[in-house]
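One structure below.
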Amino acid sequence: MKLYLMSLGAGLLVGIVYSLLNVRSPAPPVIALVGLLGILVGEQIVPFAKTLWGKEPAVISWISQIKPHMFGHLPKGEGRSNVAAAHQVQTKSDS
């Protein structure tokens, strides 16, 4: 989660600098995000093609190369029961 917050912070900082310099971002956000998605997917075409060319199962490429690169380590949230228990403990201590 820390990595996501740092990324958001860096983006906000760049946005502030753009605003102070009176510069518009190079592309509308949706177009920029679609372009980034294209780059991300495009990077995986060659490794995936090599896997298929080597007659390995496609799932090997998915598990070892594509999934970790495209999705990274997603943050693990607390279960609902943990959040509810923590809230109850905080409520009792506030009383």
Side-chain angles (χ1 to χ4, degrees):
M1 186 67 167
K2 184 178 177 181
L3 185 61
Y4 291 91
L5 292 175
M6 288 174 53
S7 178
L8 177 63
L12 288 172
L13 182 62
V14 169
I16 291 169
V17 170
Y18 275 16
S19 178
L20 291 173
L21 296 174
N22 202 20
V23 176
R24 300 227 352 133
S25 63
V30 173
I31 293 173
L33 289 175
V34 170
L36 287 172
L37 178 63
I39 291 170
L40 191 61
V41 172
E43 287 178 333
Q44 302 311 309
I45 291 175
V46 173
F48 186 68
K50 285 181 181 178
T51 300
L52 294 178
W53 187 261
K55 304 209 190 247
E56 294 179 29
V59 73
I60 291 175
S61 181
W62 173 258
I63 291 171
S64 65
Q65 170 70 27
I66 298 172
K67 183 180 174 191
H69 183 74
M70 288 190 64
F71 299 106
H73 298 287
L74 298 176
K76 293 186 173 48
E78 293 184 84
R80 287 188 161 279
S81 60
N82 293 344
V83 173
H87 180 69
Q88 288 176 351
V89 169
Q90 183 180 7
T91 304
K92 287 180 184 178
S93 65
D94 290 341
S95 302

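Everything quoted here is computed from the prediction, not taken from an experiment.
- The side chain to side chain donor-acceptor pair (under 3.5 Å) search around Glu43 returns His69, not counting sequence neighbours.
- Remark: Met6 CE to Leu13 CG distance equals 12.0 Å, nearest 0.5 Å.
- Here Ile16 is tied into one hydrophobic group with Leu20, each link being a pair of ILVMFWY side chains closer than 4.5 Å.
- Under the rule for a side-chain contact (heavy atoms from CB on, under 4.5 Å), the partners of Phe48 that lie at least two apart in sequence or sit in another chain are Leu52, Ala58, Ser61, Ile66.
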